Amino acid sequence: MEKVKAKKHLGQHFLKDESIAAAIADALNFEGYDDLLEIGPGMGVLTKYLIEKPVNTYVIEIDAESVAYLEENFPKLKDKIISKDFLKYNINEIFEGKQFAIIGNFPYNISTQIVFRALEYRRQIPEFAGMFQKEVAERICEKKGTKAYGILSVLVQAFYEAEYLFTVNEDVFIPPPKVKSGVLRLRRKENFTLPCAEKLFFTVVKTAFQQRRKTLRNSLKTLNLSDKLREDTIFDLRPEQLTVAQFIGLTQKIEGDGI
């Protein structure tokens with residue numbers, strides 16, 4: 001129980017159901033890369049299954065007690081435990097530009113930040129799987145036209161095929177969270193380079209959803225679009241009404257407008 005207390009401040013809940021841990025580990029297909037990074041392994045309930053897979057498993061863990069536990073109990077991880085904060089660490093100090101996958105039972109309070117950070121490495125990450133708070137997992141996989149569809153949905157699905165795999169109940173964790181969890185898998189698209197300025201695409205999506213109840217004509221005012229472009233009928237829509245492809249097309253139009 002002391003271990004649970006030690007990591008509670010990180011928003012971590014420890015999975016105690018071995019069958020679920022095994023199912024998460026099996027979510028990846030382990031093709032197209034030789035290396036795997038588990039984020040936040042804790043006491044290794046998922047790690048024990050990952051180290052048996054046909055890849056080199058690395059773990060990144062910020063909690064010193066957990067690092068000590070892993071070093072003592074997982075000899076296969078020798079020289080593969082990274083005692084750092086994934087959100088701040090330059091992962092290429094380990095992978096040096098190589099392809100690698102990400103997996104984990106992610107702390108709820110930083111899970112979206114983990115996804116955004118992983119997107120920065122999208123050219124190196126062909127696969128990503130893990131457990132999130134259920135509503136976050138659903139948001140990532142959501143399609144247009146719903147309240148859950150937003151920045152995460154569009155930015156992730158621009159580069160990855162997102163699949164919600166299964167729901168996990170509260171009673172399989174120590175301590176039990178107050179919400180259900182969801183496991184998802186992301187597989188990078190074959191053509192994941194966007195036919196538009198990617199930095200501008202991120203800006204357009206984030207700016208549009210900051211005022212999601214407004215039409216794009218109003219929510220994108222800060223981009224100083226020309227009056228002619230603003231007459232385009234796409235600006236009559238609200239951001240949740242656009243597919244990922246339409247957001248890409250919108251970015252192309254704005255790019256052509258000289259922004």
Side-chain angles (χ1 to χ4, degrees), residues 28-29 31-33 37 86-87 90-92 95 97-102 111-130 132 136-146 148-164 184-212 214-226 228-230 232-259:
L28 298 175
N29 67 10
E31 295 177 3
Y33 53 88
L37 179 67
F86 173 73
L87 298 177
N90 176 11
I91 206 66
N92 276 318
F95 296 126
K98 293 189 295 181
Q99 300 289 293
F100 67 98
I102 282 180
S111 62
T112 56
Q113 293 170 264
I114 288 172
V115 174
F116 283 127
R117 182 67 168 160
L119 283 177
E120 294 177 21
Y121 290 100
R122 59 189 177 275
R123 290 170 181 80
Q124 290 175 248
I125 301 175
E127 238 185 345
F128 179 115
F132 295 78
V136 175
E138 289 175 335
R139 195 183 310 152
I140 291 170
C141 301
E142 193 60 85
K143 301 302 181 184
K144 74 159 191 170
T146 68
Y149 183 71
I151 294 173
L152 262 182
S153 321
V154 176
L155 295 184
V156 170
Q157 293 175 43
F159 306 102
Y160 291 87
E161 300 293 344
E163 183 180 1
Y164 186 95
L184 60 76
R185 173 174 57 223
L186 307 179
R187 286 183 173 159
R188 193 175 59 197
K189 295 179 177 179
E190 191 169 335
N191 296 315
F192 63 92
T193 301
L194 304 186
C196 65
E198 293 186 355
K199 185 177 179 180
L200 179 59
F201 174 77
F202 275 73
T203 298
V204 169
V205 173
K206 290 179 178 179
T207 304
F209 279 105
Q210 282 171 359
Q211 300 183 74
R212 63 180 300 138
K214 296 185 177 182
T215 65
L216 294 169
R217 188 169 288 111
N218 290 311
S219 63
L220 296 179
K221 271 184 177 179
T222 56
L223 297 186
N224 298 315
L225 308 177
S226 70
K228 182 178 180 181
L229 179 60
R230 281 160 51 83
D232 192 302
T233 55
I234 196 170
F235 289 94
D236 295 330
L237 302 175
R238 296 188 305 278
E240 67 188 41
Q241 295 177 287
L242 271 66
T243 63
V244 173
Q246 285 176 307
F247 265 110
I248 293 171
L250 174 61
T251 303
Q252 290 173 323
K253 291 180 179 183
I254 293 174
E255 195 175 3
D257 198 43
I259 297 300

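Just so we're clear, the structure is a prediction, and the values are computed from it rather than from any experiment.
- When all heavy atoms of Pro239 and Ala208 are compared, the pair lying nearest together is CG-O, 3.4 Å.
- Ring-centre distance between Phe100 and Phe95: below the 6.0 Å cut-off.
- Side chains of Thr112 and Ile140 form no contact here, defined as non-hydrogen atoms less than 4.5 Å apart.
- Panel note: side chain Thr207, backbone Val204; no donor-acceptor pair is recorded below 3.5 Å.
- Contact annotation: the side chain of Leu28 never approaches that of Phe128 to less than 4.5 Å [non-hydrogen atoms, C-beta and beyond].
- The shortest distance between side-chain heavy atoms of Ser153 and Arg139 falls below 4.5 Å.
- Remark: the Gln157 side chain and the Lys143 side chain contain an N/O donor-acceptor pair separated by less than 3.5 Å.
- Here the straight-line distance linking atom CZ of Arg117 with atom OH of Tyr121 works out to 4.0 Å at 0.5 Å rounding.
- Atoms CG and CD1, from Leu194 and Ile248 in turn, are 5.0 Å apart once rounded to the nearest 0.5 Å.
- At least one side-chain heavy atom of Glu127 sits less than 4.5 Å from a side-chain heavy atom of Asn29.
- Aromatic pair Phe247/Phe209: centroids less than 6.0 angstrom apart.
- Taking the side chain as every heavy atom from C-beta outward, Cys141 and Glu163 never approach each other to under 4.5 Å.
- Leu155 places a side-chain heavy atom less than 4.5 Å from the side chain of Phe201.
- Note that CD1 of Ile91 is 7.5 Å distant from CD1 of Ile102, once rounded to the nearest 0.5 Å.
- With Arg123 contributing its side chain and Gly97 its backbone, the two residues share no donor-acceptor pair below 3.5 Å.
- Between Phe235 and Leu229, some side-chain heavy-atom pair lies under the 4.5 Å cut-off.
- Among all heavy-atom pairs drawn from Phe159 and Phe192, the shortest one is CD2-O, 3.1 Å.
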Under the side chain to side chain contact (heavy atoms under 4.5 Å, CB included) rule, what do Gln99 and Ile125 come out as? Steps first, then yes or no, please.
CA-CA 6 Å; Gln99 300 289 293; Ile125 301 175; over 6 Å; no
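- Taking the side chain as every heavy atom from C-beta outward, Glu240 and Glu142 never approach each other to under 4.5 Å.
- Listed for the Thr203 side chain is a donor-acceptor partner under 3.5 Å among the backbone atoms of Lys199.
- Shown here is Lys214, whose NZ atom has no more than 12 heavy atoms of other residues, nucleotides or ligands within 6.0 Å.
- For the 3.5 Å distance criterion, the side chains of Ser226 and Asp257 qualify, holding a donor opposite an acceptor.
- With rounding to the nearest 0.5 Å, the separation of CZ in Arg217 from CZ in Arg238 is 13.5 Å.
- Pairing each heavy atom of Pro126 with each of Tyr33, the nearest pair is CG-CD2, 3.5 Å.
- At distances below 3.5 Å, not a single donor-acceptor pair connects side-chain atoms of Glu161 with backbone N or O atoms of Lys189.
- No side-chain donor-acceptor contact under 3.5 Å links Tyr164 and Glu138.
- The CG atom of Asp236 lies 9.0 Å from the CG atom of Leu216; values are rounded to the nearest 0.5 Å.
- Under a 3.5 Å cut-off, the side chain of Arg212 and the backbone N or O of Tyr149 do form a donor-acceptor pair.
- Taken to the nearest 0.5 Å, the CD atom of Glu120 stands 10.5 Å off from the CG atom of Asn90.
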